[in-house]
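The next block holds one structure in the form of structure tokens; read it before the comments.
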There are 2 protein chains.
Amino acid sequence: MAEREVDRSVSQTVKAQLALRDQILSGALRPGERISELQAVETTGASRTPVRMALVRLEEEGLLEAIPSGGFMVKAFSERDISDSIELRGTLEGLAARFAAERGVSARELEPLKECLAAIDELLRQVPISIEAFSSYVALNARFHALLTELSRSPPLIRQIDRASALPFASPSGFVMAQSALPEAQQILIIGQEHHRVVIDAIENREGARAEAVMREHARLAVRNLRLALRNRTHLDLLPALALIKTATD
Amino acid sequence: MAEREVDRSVSQTVKAQLALRDQILSGALRPGERISELQAVETTGASRTPVRMALVRLEEEGLLEAIPSGGFMVKAFSERDISDSIELRGTLEGLAARFAAERGVSARELEPLKECLAAIDELLRQVPISIEAFSSYVALNARFHALLTELSRSPPLIRQIDRASALPFASPSGFVMAQSALPEAQQILIIGQEHHRVVIDAIENREGARAEAVMREHARLAVRNLRLALRNRTHLDLLPALALIKTATD
DNA sequence: TGTATGCGTTATGTATACAATAGTGGAGAG
DNA sequence: CTCTCCACTATTGTATACATAACGCATACA
């Protein structure tokens with residue numbers, strides 16, 4: 001019998017949660033597939049109690065679905081579910097931007113946002129963009145959105161946005177990855193960057209309505225691009241998050 | 001030793017979750033107070049495993065907060081947290097109304113909404129409104145909002161709205177309860193009812209922007225009323241949900 | 001041949017035992 | 001008298017044993 005290798009650095013619950021999430025997002029577990037606790041115990045190395053806690057968390061996170069008769073299955077999403085999630089997130093980010101604008105933000109707090117902006121500008125100067133630069137872009141973009149969310153100073157809203165981003169395609173990096181599958185990718189990234197610039201400007205000038213509007217437009221752009229990207233699925237094999245979309249068209 | 005009385009009709013996990021939620025919302029457990037598993041085991045009648053699952057769920061729900069060193073405590077909310085949550089919910093409901101309007105809703109689907117509307121009208125005809133009628137109003141109002149949310153036909157959005165309503169004051173009945181503490185309560189309920197009427201009309205005529213706008217206004221009204229109600233706290237002792245608001249002014 | 005019923009297996013729900021850690025109180029020394 | 005350190009206790013984190021319910025298969029009967 002394999003003696004259990006216990007890693008004491010992180011809790012078993014967290015370890016199991018991360019491992020299971022990886023399995024789901026990587027597509028190792030397919031949508032609709034039932035997830036067996038025993039199997040999860042073997043693959044994660046934790047015992048049943050932490051595995052169960054991880055499963056409950058992932059269910060609340062929206063990646064799993066409880067089966068009425070017991071147990072959990074990997075949730076399946078339709079294309080519309082995904083695009084709705086993106087729009088949902090854009091709406092919440094719009095509210096965050098408005099809060100930031102209305103409540104006032106010091107120049108010092110905007111500094112890191114502007115640094116992000118400048119760094120992204122630098123990356124986008126390359127035509128065409130390299131793989132490494134693209135991956136830096138994804139990270140910077142996610143950071144920009146996270147910082148913007150923080151500016152709202154509203155813990156409930158921040159929490160909700162985090163939740164809404166649990167679905168990989170609803171997260172900023174999800175946007176970006178979907179867009180990367182399009183031929184006109186770089187042009188789209190530049191438009192998105194323009195949105196970022198406008199929202200900062202609106203927040204600086206305390207124009208709440210404008211800040212909100214541009215973030216919503218930002219999300220609508222992402223929705224359009226996602227739709228386009230899904231039309232030519234050829235490029236999308238690389239996107240593990242796509243594994244979550246049901247194969248059957250509903 | 002007391003033999004454990006096992007209720008097989010519902011799962012122990014659900015039973016524990018409901019019991020704990022009750023304890024929190026009723027104020028039996030105060031904000032900031034650490035919640036002891038052993039104590040929860042005694043009060044809920046379930047054993048530690050289901051209790052822990054319930055605690056995890058309540059944490060994801062936003063009612064509890066994980067303590068870094070282990071365990072959970074009852075989350076405390078500032079007045080702004082609550083008002084932000086109401087506005088957040090209004091924003092999401094606005095999106096739901098817009099989706100409903102844009103995607104089209106059959107007359108048959110609007111029927112139950114209109115019945116709600118009529119029933120509420122009937123109740124509000126009493127001046128002043130009786131306690132029983134008021135409690136019917138709370139239920140009908142919650143039902144109206146739930147039905148409206150459903151019309152969006154967007155599972156991710158519906159899910160998110162449910163989540164956003166976990167905080168008691170962010171729920172429609174929370175709106176109503178806060179409003180009920182005001183002298184001008186009935187007048188406010190009538191204004192709210194007017195909003196309901198407008199959103200139905202907008203959805204029927206497929207005016208997405210108008211449907212969205214009125215739901216957001218609806219929430220802003222609730223925020224204003226909450227602020228007013230909190231000014232004269234005298235009436236609010238009756239609102240158990242208030243137990244979640246931190247006592248210390250931050 | 002098809003359907004229904006019963007039994008067996010498997011997986012989940014629940015309970016509890018064990019381990020480890022953090023917090024607390026007391027005692028001793030400076 | 002106060003501060004620090006050690007030990008003990010209480011509580012959480014983890015593992016596993018036990019109970020129970022669901023699913024599948026096989027067999028028998030219509």
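Just so it is clear: chains get the letters A, B, ... in the order the sequence lines come, proteins before strands, and each one is counted from 1.
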Inset, instruction - Give me the ring orientation class for B:His196 and B:His145: parallel if the planes are under 30° apart, tilted from 30 to 60°, perpendicular past 60°. - result: perpendicular
Inset, instruction - Please name all residues satisfying side-chain hydrogen bond (donor to acceptor under 3.5 Å, both in side chains) with B:Gln23, sequence neighbours left out, ordered by chain then number. - result: B:Thr43
With the criterion being N/O to N/O and under 3.5 Å, what pairs connect the protein with nucleotides 11-13 of chain D, and how long is each?
residue : atom : partner : partner atom : Å
D:dT12  : OP1  : B:Glu37 : N            : 3.4
D:dT12  : OP2  : B:Glu37 : N            : 3.4
D:dG13  : OP2  : B:Arg52 : NH1          : 2.7
D:dG13  : OP2  : B:Arg52 : NH2          : 2.9
D:dG13  : N7   : B:Arg48 : NH2          : 2.9
D:dG13  : O6   : B:Arg48 : NH1          : 2.9

Legend entry - All side-chain hydrogen bond (donor to acceptor under 3.5 Å, both in side chains) counterparts of B:Glu61, not counting sequence neighbours: B:Gln17, B:Arg21
Inset, instruction - Give a yes-or-no answer on whether the side chains of A:Ser106 and A:Glu109 include a donor-acceptor pair shorter than 3.5 Å. - result: yes
Inset, instruction - Check the surroundings of atom CZ in B:Arg143: do more than 12 heavy atoms from other residues, nucleotides or ligands lie under 6.0 Å from it? - result: no
Legend entry - OP1 or OP2 of C:dA15 under 4.0 Å from side-chain N/O of B:Ser47: yes
